[in-house]
**Q** 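To start, I am sharing the structure in question, which I have written as structure tokens.
Start at 1 and go down the list; that is how both ligands and their atoms are numbered.
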Amino acid sequence: MSDEKLPILLVPDARLRLKARAVEAGDDDSVRDLSARMLATMYAAPGIGLAAPQVGSGLRLIVLDVGPKDAPEPMVLVNPEILAASREMAIREEGCLSLPGQYADVERPERVKVRWRGLDGMRHETEAEGLLGVCLQHEIDHLNGVLFVDHLSPLKRNMMLRKLAKELKARTFDE
Ligand code: NI
């Protein structure tokens, strides 16, 4: 199993806008390797969640770790889906490794019920709220080509995308 890091795609890379396809039985080996590399990439960034489309893969696969820094709790979710969402909403600040340096308050359902398969093929289901709930929704969005800025008003989104473009351009000149 390789833990070699992968390059993270940045907005406006068109691959971030594609809908990912379900992982099938034949994908097992590549998913094992890909998820290990995604975790290494996420921890190095550092980040708490990463979806396969962010590293150029079209598979429905996400990794995350919302555990304390001194006690890592890596999670690998294959074909995760949101089964139900609470009517109550909650607001939390979000960022994304594909939009470095950009943060905004995003409103989402407070609780979600999520189902997925583990690397071992075992089926899992959980109800999540707080940081885990937000992280799951944010990463599953990525599998559908949706970014956290899509939840903002058009005005706020465009402001943020323009700011990101400017910062990335400045970064290129620095190098
Ligand atoms: Ni993200």
**Q** For Asp65 and Glu73, indicate whether the former's side chain and the latter's backbone hold a donor-acceptor pair under 3.5 Å.
**A**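 Present.
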**Q** Please tell me whether Gln54 and Ser98 have a donor and an acceptor in their side chains that are separated by less than 3.5 angstrom.
**A**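 Yes, because at least one side-chain N or O of Gln54 sits under 3.5 Å from a partner of the opposite role on Ser98.
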**Q** What protein N/O/S atoms are there under 2.8 Å from the Ni ion (ligand 1), waters excluded?
**A**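 Result, waters dropped: Cys96 SG, His138 NE2, His142 NE2.
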**Q** Does Glu81 pair with Arg115 as a salt bridge, N-O distance under 4.0 Å?
**A**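 Salt bridge flag = yes for Arg115 with Glu81.
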**Q** Would you call Arg60 and Asp27 a salt bridge, using N to O less than 4.0 angstrom?
**A**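 So Arg60 does not pair with Asp27 through a salt bridge.
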**Q** State whether Arg171 and Glu167 are salt-bridged, where the test is any N-O pair (Lys NZ or Arg NE/NH1/NH2 against Asp/Glu carboxylate O) under 4.0 Å.
**A**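 No.
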**Q** Below 4.5 Å, heavy atoms only, C-beta onward: do Leu164 and Pro12 meet side chain to side chain?
**A**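 In short, these two side chains do not touch, never coming nearer than 4.5 Å.
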